[in-house]
2 protein chains.
Amino acid sequence: MYSQAEENYLKTIYNLENRYGSDVSTNLIASKTNTKASSVTDMLKKLSAKNLVQYRKYQGVHLTELGRKGALKVIRKHRLWESFLVQKLNFKWDEVHDIAEQLEHVKSEVLIDKLDAFLKFPKLDPHGDPIPDAHGRTILNKTVVISEMKIGSAGVFVGVRDSSSEFLQYLNKKNLALGDRIKVIDIEPFDGSYHIETRTHRLVITNSVADNLCLKNVK
Amino acid sequence: MYSQAEENYLKTIYNLENRYGSDVSTNLIASKTNTKASSVTDMLKKLSAKNLVQYRKYQGVHLTELGRKGALKVIRKHRLWESFLVQKLNFKWDEVHDIAEQLEHVKSEVLIDKLDAFLKFPKLDPHGDPIPDAHGRTILNKTVVISEMKIGSAGVFVGVRDSSSEFLQYLNKKNLALGDRIKVIDIEPFDGSYHIETRTHRLVITNSVADNLCLKNVK
DNA sequence: TAAATAATTTAGATATAACTAAAAAAATAT
DNA sequence: ATATTTTTTTAGTTATATCTAAATTATTTA
Ligand SMILES: [Mn+2]
Ligand SMILES: [Mn+2]
Ligand SMILES: [Mn+2]
Ligand SMILES: [Mn+2]
């Protein structure tokens, strides 16, 4: 099927399309994958030749239907393995991403379907991200990031946009966990920082942190 | 740490040393890995430069202590993943080897130790092979292959030397499973084939099959 | 709109891990 | 002991996925 590098690009492009709109630039991909723009150009040509992306020189790329399907398979594998690591092997949510980056490239449809069944077909991974089923379908998980909320509004913390161990360890340190009710107390106009409140404590977070916390049932 | 290719060579050399004695030839490695002798020579030089093997031109190789430790880690991972696939995901013993060939290259000591604990520290994999513990130690598992047995002797079938799906499916078809008591009824001098008997049936196996079935408590 | 700047692509290089074909060394046979 | 055969190594090539530096195209600024 696809090489590891190809799978990583599919996943990255899929995620970037969702975050930043449907035409993804070379530099954006390069920065998210810690590679150089020239390397990205090379790979985009290859993906284009395989009909996985629509690519026009200098115009950015987006996934084709085939590419989207490929991306969803990789994402399904990644999130199921993360769920396995947390639920069955007792890893913490901040420890699983890098291991799942490796496990997601293991090739076997049967394996991943059996893993899905073993985990009782989870709908969300340990970071609150929806897990595509065997057909690539996910539940829709409508959330609002804190940076889009108004003063006085509140919701339930159900997901993160960044699941790097660095960010998650920061959240651990600040005693913020999935399921917490969070209320926006104040927004500092000077630097865009947020004063927020949980049931147990108050704290200040920067705008870039606020940009990565997803809340549900925001009112 | 080591690349996938390097890990595969370590594992192969370790297994060949045990089967055929301590100096392993280039061609033997090439045939077991489905590569060409010239490729093997290239890799042996690389492994030698990393102090993983002792290599002298035209004289074959053997693992150094460092290489042996590396090999045991790969084998530990392979066999633990095979055990997981059979015990937790309900794979059959003939379906797990190729998937484990991929999983064995996932890099994380913590992962494999947690997997070991999750499986309750199994001592043998689904093919009867001993699983090295975190320190590289295995139980000693003294077995005799049928091709070394005399007429009239019998034992318990506890392991296979070949765990390819082809061979295991052959055993399934012939209704031979681990735990079966097997008795040697006759040896055909003409072609070296074995007439054997289990509690439920009799059958004839070729010498090459007899060479791959390991029995315990042979009397 | 022309110049400056930024983004992207091309050209050429590197590392890994394969390969084929030819050369060299070792083992076997005459 | 020499010739033949087999095994192993060397030399040179290929594919993948990266890189740097230079060239090209697009965008922004003046
Ligand atoms: Mn992740
Ligand atoms: Mn996740
Ligand atoms: Mn195996
Ligand atoms: Mn096995």
Side-chain angles (χ1 to χ4, degrees), chain A residues 1-13 16-17 19-63 67 70-71 74 101-102 104-107, chain B residues 1-13 16-17 19-63 67 70-71 74 101-102 104-107:
Chain A
M1 205 63 183
Y2 309 126
S3 72
Q4 289 200 192
E6 287 167 346
E7 286 192 339
N8 284 333
Y9 273 89
L10 291 180
K11 193 181 53 167
T12 302
I13 296 167
L16 291 176
E17 279 185 22
R19 292 264 195 301
Y20 304 98
S22 68
D23 267 301
V24 180
S25 76
T26 302
N27 269 354
L28 189 55
I29 297 171
S31 75
K32 284 286 167 188
T33 54
N34 296 308
T35 55
K36 297 301 150 92
S38 55
S39 308
V40 173
T41 301
D42 283 347
M43 183 55 90
L44 294 184
K45 288 177 183 172
K46 196 188 302 183
L47 296 177
S48 182
K50 292 192 176 187
N51 248 297
L52 293 166
V53 299
Q54 179 77 39
Y55 168 62
R56 274 177 30 251
K57 264 190 189 182
Y58 296 101
Q59 307 300 299
V61 275
H62 60 262
L63 295 174
V74 183
E101 286 290 310
Q102 301 179 64
E104 74 188 6
H105 300 296
V106 172
K107 262 109 193 138
Chain B
M1 208 60 185
Y2 309 125
S3 72
Q4 289 201 190
E6 287 166 347
E7 287 192 338
N8 284 332
Y9 272 89
L10 291 180
K11 193 181 53 167
T12 302
I13 295 167
L16 292 175
E17 278 184 23
R19 291 264 196 301
Y20 303 99
S22 67
D23 268 301
V24 180
S25 76
T26 302
N27 269 355
L28 188 56
I29 297 171
S31 75
K32 284 286 168 190
T33 55
N34 295 309
T35 55
K36 298 299 152 91
S38 55
S39 309
V40 174
T41 301
D42 284 347
M43 183 56 89
L44 293 184
K45 287 175 182 172
K46 196 187 303 181
L47 295 178
S48 182
K50 293 191 176 186
N51 247 296
L52 293 164
V53 299
Q54 179 77 40
Y55 168 62
R56 272 175 34 248
K57 265 191 190 181
Y58 296 102
Q59 306 302 297
V61 275
H62 60 263
L63 295 174
V74 183
E101 286 290 310
Q102 301 179 65
E104 75 188 5
H105 300 296
V106 172
K107 262 111 193 134

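Computed over heavy atoms, backbone and side chain alike; hydrogens, waters and symmetry mates excluded. In what follows, chains are A, B, ... by sequence order, proteins preceding strands, each numbered from 1.
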Distance check: side-chain N/O of [X] vs OP1/OP2 of [N], anything under 4.0 Å?
X: B:N27; N: D:dT8; result: yes
X: B:Y55; N: D:dT9; result: yes
X: A:T26; N: C:dT9; result: yes
X: B:K45; N: D:dT9; result: no

Side-chain donor/acceptor pairs under 3.5 Å, residues 35-42 of chain B, sequence neighbours excluded:
{"from": "B:T35", "atom 1": "OG1", "to": "B:T33", "atom 2": "OG1", "distance (Å)": "2.9"}
{"from": "B:T41", "atom 1": "OG1", "to": "B:A37", "atom 2": "O", "distance (Å)": "3.2"}

Would you mind telling me which of [options] lies closest to the side-chain atoms of [X]?
X: A:Y58; options: D:dT9, C:dT8, C:dA18; value: C:dT8
X: A:S39; options: D:dC19, C:dT9, C:dT16; value: D:dC19
X: A:T35; options: C:dA26, D:dT18, C:dA18; value: D:dT18
X: B:K36; options: C:dA17, C:dT20, D:dT7; value: C:dT20
X: B:K46; options: D:dA26, C:dA17, D:dT18; value: C:dA17
X: B:K57; options: C:dT9, D:dT18, D:dT10; value: D:dT10

Rounding to a whole Å, what distance do you find between [X]:[atom1] and [N]:[atom2]?
X: A:E7; N: D:dT16; atom1: CD; atom2: C1'; value: 15 Å
X: A:Q4; N: D:dT16; atom1: CD; atom2: P; value: 15 Å
X: A:M43; N: D:dT18; atom1: CE; atom2: C1'; value: 10 Å
X: B:Y2; N: C:dA17; atom1: OH; atom2: P; value: 14 Å
X: A:L44; N: D:dA17; atom1: CG; atom2: C1'; value: 13 Å
X: A:I29; N: D:dT18; atom1: CD1; atom2: P; value: 12 Å
X: B:Y9; N: C:dT16; atom1: OH; atom2: P; value: 14 Å
X: A:D23; N: C:dA7; atom1: CG; atom2: P; value: 17 Å

(request) Return the angle between end axes of the helix from C:dT1-D:dA30 to C:dT30-D:dA1, with five pairs used per end and rounding to 10°. (result) 10°

(message) Let me confirm one number: the CG-CD distance from B:L63 to B:E17, rounded to the nearest 0.5 Å.
(response) 4.5 Å

(request) With rounding to the nearest 0.5 Å, note down the distance linking NZ in A:K46 to NZ in A:K50. (result) 7.0 Å

(request) Remember a base hit wins even if backbone is also touched, and classify A:T41 as base, sugar-phosphate or nothing at under 4.0 Å, heavy atoms. (result) base

(request) Check every strand shown and say whether B:A5 touches a base, only sugar-phosphate, or nothing at a heavy-atom separation below 4.0 Å. (result) sugar-phosphate

(request) Mark yes or no for a side-chain to base donor-acceptor pair under 3.5 Å between B:S38 and D:dT8, with no hydrogen or angle criteria applied. (result) no

(message) A side-chain contact here means heavy atoms from C-beta on lying under 4.5 Å apart; do B:V61 and B:L47 qualify?
(response) no

(request) State, yes or no, whether a side-chain contact exists between B:Y2 and B:L52 at a heavy-atom distance under 4.5 Å. (result) yes

(message) By the definition side chain to side chain contact (heavy atoms under 4.5 Å, CB included), identify the one residue from B:E104, B:K32, B:M43 that meets it with B:N8.
(response) B:E104

(request) Would you mind telling me which of A:K107, A:H105, A:Q102 makes a side chain to side chain contact (heavy atoms under 4.5 Å, CB included) with B:Q102? (result) A:K107

(request) Provide the closest heavy-atom pair for B:V24 versus B:I13 in the form atom of the first, atom of the second, distance. (result) CG2-O, 4.2 Å

